[in-house]
Structures are given as structure tokens and as C-alpha cells.
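A quick write-up on the structure given underneath.
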Protein chains: 2
Amino acid sequence: MSDHPDPVLRLLWRYDDGAASAPRRGRKQRLSVDDVVDAGIRIADRDGLPGLSMRLLASELGLGAMSLYTYVPGRDELVALMVDRALGRRKLPAMPDGVRDRMALVARVHYEACQQHPWLLEVSGLRAWVGPGASDLYEWQLSAIEGVGLDDIEMDQTVALLIGFASSVAQAQERIRAEERSSGMTQADWWAANADELGVVMAGREYPLAGRVGAAAGEAYQAATDPAREMEFGLARILDGLVAHIEQKRGTPA
Amino acid sequence: MSDHPDPVLRLLWRYDDGAASAPRRGRKQRLSVDDVVDAGIRIADRDGLPGLSMRLLASELGLGAMSLYTYVPGRDELVALMVDRALGRRKLPAMPDGVRDRMALVARVHYEACQQHPWLLEVSGLRAWVGPGASDLYEWQLSAIEGVGLDDIEMDQTVALLIGFASSVAQAQERIRAEERSSGMTQADWWAANADELGVVMAGREYPLAGRVGAAAGEAYQAATDPAREMEFGLARILDGLVAHIEQKRGTPA
DNA sequence: CATCCATTCCGTACGGCGTACGAGAAAGTT
DNA sequence: AACTTTCTCGTACGCCGTACGGAATGGATG
């Protein structure tokens, strides 16, 4: 039957055992779980997820490496806590009127989260823990489209579509930023330095469309006073499609 | 001016120096770069990207670990080669008639690629190398929407939207698969085993929408004879939006 | 043929990682 | 004061990517 429940849940929800009445014996913890998680977020924001090592985190907290394991069962669980907290710490703005603006807001809020915490995009191999931060966020996201005529499954899919899109734009941008940071040259520099070599190396293979479009896109993106043009185009199309679907369903209710 | 060009380009395009006339001196390589890259892909398909270690790869090839470095400068470059090859090895189907079907095909082909090589989704921290596989694919993707009335930048954004969406659906599915594989229990099992604990741990916090929608979605997804329902909904909306945009531009040409 | 040398192969080693283990330190209970 | 529980953390193990240098190989040269 019911396998033992997942022990990480208590940690995610900071649930204190019910035996809170009995004051804890033994040595006291110097820090709180939140201290550890926040420090982890700070490091990941600065150095990326691979740059977050248990030893570094411990030393930034003034702890020995192994002391971390009294706060958190392991690195994976720490990252899960970081994700939930990063998602949950954001204040969720009030919903505007109009489905379209509401859905746009859902996408933009997630986009901002991914920009502030780019390591969120690197957390792929990890299970999606259900914690308070993720739950608050999901509830808020659903509230954007509650009552507009979508059934439950469509609501879930709509939210997934919006935040998936926001993630993928953020990921594309972050990839470029990371590249420029690690190579020390801008995209334009790279193409300038490698145009000749590319000509040699491609040795006659022709890419008429890719060449033309790639060049235009490259120019446009590096102009980039507004770095988020990619966001606007895609979001507009997605919202068009979603609004049309909603209106069509309104026309023919179940 | 032109910094030295990126040495990995020659490897990506398998460009052989021009000094091909002079036969190589010294010991011969036992394998080819493609052998190494293919073996890497095989391992990553099986064990995921973190499971691909240089030592394991070498041993599967019957080599010492350090011998790999005569084929490939390092692990990151190997992964770049794997990506380009995984993208490029696919045969690209002929384009159907009609923009809508063409764009749908672009998304579906990328979706299939991500399903066949889930590790593609984990390659986030890496630069996007321009190799023959990626170039062929991009050219093919652009050919789907060439001449429909979009300008160059919109063409790039349209492709980005389609493949970004395909990736994010694939990623959501892969996350679930990975979870079930690592925990040994299905999603349904997990919820069954943890429902009580969640009730305790959430301690009165209420999620009316998330609870209702999450439950409906969970049921629907695990029914999942068609595991790709999420794909259909989002793709339909995106295509609706894109087609509307294209038709509107056709109506008012520049 | 012998010699030379470019090239590949690979054993060893270094510094880093996550974390298992167990000894010592601190704080509440008796 | 003695005991028990809990936190702290030094050491160590087995992984990782890869720098280095020596051994093996085989075409080019005499």
C-alpha cells in the first residue's frame, strides 16, 4: 500500500514534526534551512548551478562541508528547495482585466524569474517537487484563466504552454549571455573572427536561407536595445492562438 | 583584427587541413572521430548526459581514457559534436503543401529528435556551435516558411518559437520519465503514497484551483495511451496564431 | 636495410566533486 | 555531575575531467 511518504516533503513545507511542543535536545543549529537555501541561491545566481558546490556553500556560511548535511539530505534536495524558494519568493502581481493580459502576465512573470535565476533553466534532470512556492505560483497561474471556459486539462496545458515558452526564450538569451561571458567576445566579434574560417571549412556547402536569415537575425539581435524582441513576437502569436481558442469555445459551450 | 578562428569549427565540419595530399606520418588512429561521437551518442541515449564520462566512453571503444583526447579536445567539444550529429543525422522529410502543415512538421521533427536523444535537452550551458548538422536543419526549417510573406527576422523567430515549444513539451515528458525511472514508481503511485503526507504537511494551506486542475491533469496524463496530448493542444494554438499572423501580413503587404 | 620523427596510445597523477563514517563538542534532561 | 541527544566537521572513498610524459607505431629519409 502506501509506501513511506517522501521525506523531502516535510523539508519543502518546513513542517516541524508536531513534536514542536517538546523542546529539542542537544546542540542547536547555528543556521536555518532558509539561510542555507538562500546562500545556495546567491551562489547559483552568481556562478551558475555547476558552480554551486557543497564545499563552497559551506565555506560561505562559515561551516564545514559536512555540516550542511544536517540541514539538507544532499545536493539534489538542496536544489529542489532552491527552486521552490526562488519560485515562491516572488510577489505575484494582481491579475489585470482581460484574459489576454492575464495570460501575458503569466508568461512575463515566469520570464522574469528565469532571468533573475538563470540556473532555474539548468535544473532539468530533477524531479518536480511539489512545494509551497511552486504551489502558490501554479495556483496564481491558474487563476489567470479560471472561468474563461476552458476545461481543467486545457487550463493545465495553457499554463504549460505559456511558461514553457517563457522558459525557452529565457534559455536562448541566457545561452548567448553565457557564451559571451565565457569567450569574452560578443556574438558579432565571433562572427567577424570566424567568417573567413567558416567559408573555408564549409567548403562549398550552401545555405541560402540560413545565411540570409541568420545574418539578419544576428544584426537585429545585437542591436538589441530591447533584448527581448524574441519574446514579443512569440508571445503575441501564442496569445492570438489562445484567445481565439477561448472565444471559439465561448461561442459553443459544452 | 581577426582573432584566430575557433579551432573546433574544423572538427565540426570534419575539415581536413588541405594538407590531405601529404599522407600523414606516424601511428594511425584506430578509430574515427565519428566512431567516438556515435559511441558518445549511444551512451548518452542510454545513461543520460551526466552518465557520459570520458573513461566510460573510452572503455566502450576499447581505448585508454586519455586516447580520446587525440580525437576530441575535451568533453564539451565532444558534446557539441554529438549535438550537431544527432541533429544532422535525421533525414529531413519533404515539405508538404500549406504553411500550417509545414510549420507543424518543423515542430514535430524537432520533438522527435528530442525524444530520441533526451540528452539534447540537458545541453544548456553549452555554446551553440554552427556545424553541418545544425545548419542543414536550420536551412530545412526555414524552407518551411520561405516565401510566405514573413521578413527575415520573423522567419527566425517563427522557427525559434516552433522548436522552443517542441523542446519544452519534450522536456516536460522526459522529466516525468526520468522521475519514474529513478524512483521506480509511476506518477500515480507517488501521489497515492504521498497524498496523506501532503495533507499533513500543507497544514491547512488551500489550493482550490491547483488541486482540482492538477488532479484532472494527472489522471488524464497517466491514462496516456497518447502520451503527447500536451503537444497537440499547444501546437494547435501556436499554429493558429502563426497562420493568422501570416494571413494578416498577406492582406497588407509591405 | 637502419634511422628519424610525427603521431597515437595510455599509465600516472592532480585537483575537484558528492558524501559515508565516526569521533568530538555542545546543550538539554535527569 | 552524569547521561543522552543533536550538531559539527576532519578524514577518506570513489568518481570526475584532464595535464603530463613516456612507450609504441609506422611513414619518410638515408
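A quick note: this is a predicted structure, and the numbers were derived from the prediction, not measured. Side chains are part of it too, since the values below use all heavy atoms of this structure and drop only hydrogens, waters and symmetry mates. Each chain gets a letter, A, B and so on, in the order the sequences are listed, and its residues count up from 1.
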Side-chain (Glu139(A)) to main-chain (Leu209(B)) donor-acceptor, under 3.5 angstrom: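 A pair under 3.5 Å: yes.
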
N/O donor-acceptor pair under 3.5 Å between Asp156(A) side chain and Val213(B) backbone: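 No; zero donor-acceptor contacts below 3.5 Å.
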
Heavy atoms from C-beta onward define the side chain here; which of [options] lies closest to that of [X]?
X        : options                   : value
Lys28(A) : dT8(D), dT18(D), dA27(C)  : dA27(C)
Arg30(B) : dC5(C), dC10(C), dG28(C)  : dC10(C)
Arg27(A) : dA25(C), dT25(D), dC10(C) : dA25(C)

5′-ward residue of the pair Gly26(B)/Ala65(B) relative to DNA chain D: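 Result: Ala65(B).
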
N/O (side chain, Tyr71(A)) to phosphate O (OP1/OP2, dC7(D)) under 4.0 Å: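 So the side chain of Tyr71(A) is outside the cut-off, no N or O lying under 4.0 Å from OP1 or OP2 of dC7(D).
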
Any Ser67(A) side-chain N or O less than 4.0 Å from OP1/OP2 of dC9(D):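 For dC9(D), OP1 or OP2 has a side-chain N or O of Ser67(A) closer than 4.0 Å.
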
Short side-chain donor-acceptor distance under 3.5 Å, Trp119(B) and Asp45(B):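 Indeed, the side chains of Asp45(B) and Trp119(B) share at least one donor-acceptor pair under 3.5 Å.
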
Length of the [atom1]-[atom2] vector between [X] and [N], whole Å:
X        : N       : atom1 : atom2 : value
Arg75(A) : dC16(D) : CZ    : C1'   : 14 Å
Gln29(A) : dA26(C) : CD    : C1'   : 13 Å
Tyr69(B) : dG21(D) : OH    : C1'   : 17 Å
Leu61(A) : dT8(D)  : CG    : C1'   : 14 Å
Arg25(B) : dT29(D) : CZ    : C1'   : 8 Å
Met66(B) : dG22(D) : CE    : C1'   : 13 Å
Leu68(A) : dG18(C) : CG    : P     : 10 Å
Asp76(B) : dC16(D) : CG    : C1'   : 13 Å

Nearest 0.5 Å, please: how far is [atom2] in [Y] from [atom1] in [X]?
X         : Y        : atom1 : atom2 : value
Tyr71(B)  : Arg30(B) : OH    : CZ    : 7.0 Å
Leu68(A)  : Arg75(A) : CG    : CZ    : 11.5 Å
His117(B) : Met82(B) : NE2   : CE    : 9.0 Å

Sugar-phosphate, base or nothing in reach of Gly64(B), heavy atoms under 4.0 Å: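 Result for Gly64(B) = sugar-phosphate.
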
DNA chain C-proximal residues of residues 47-59 of chain B, any heavy atom under 4.0 Å: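 The stretch gives Arg55(B) as the residues lying under 4.0 Å from the strand, ordered by number.
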
Closest heavy-atom pair and its distance - Tyr207(B), Met202(B):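 It is CD1-CE, 3.4 Å.
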
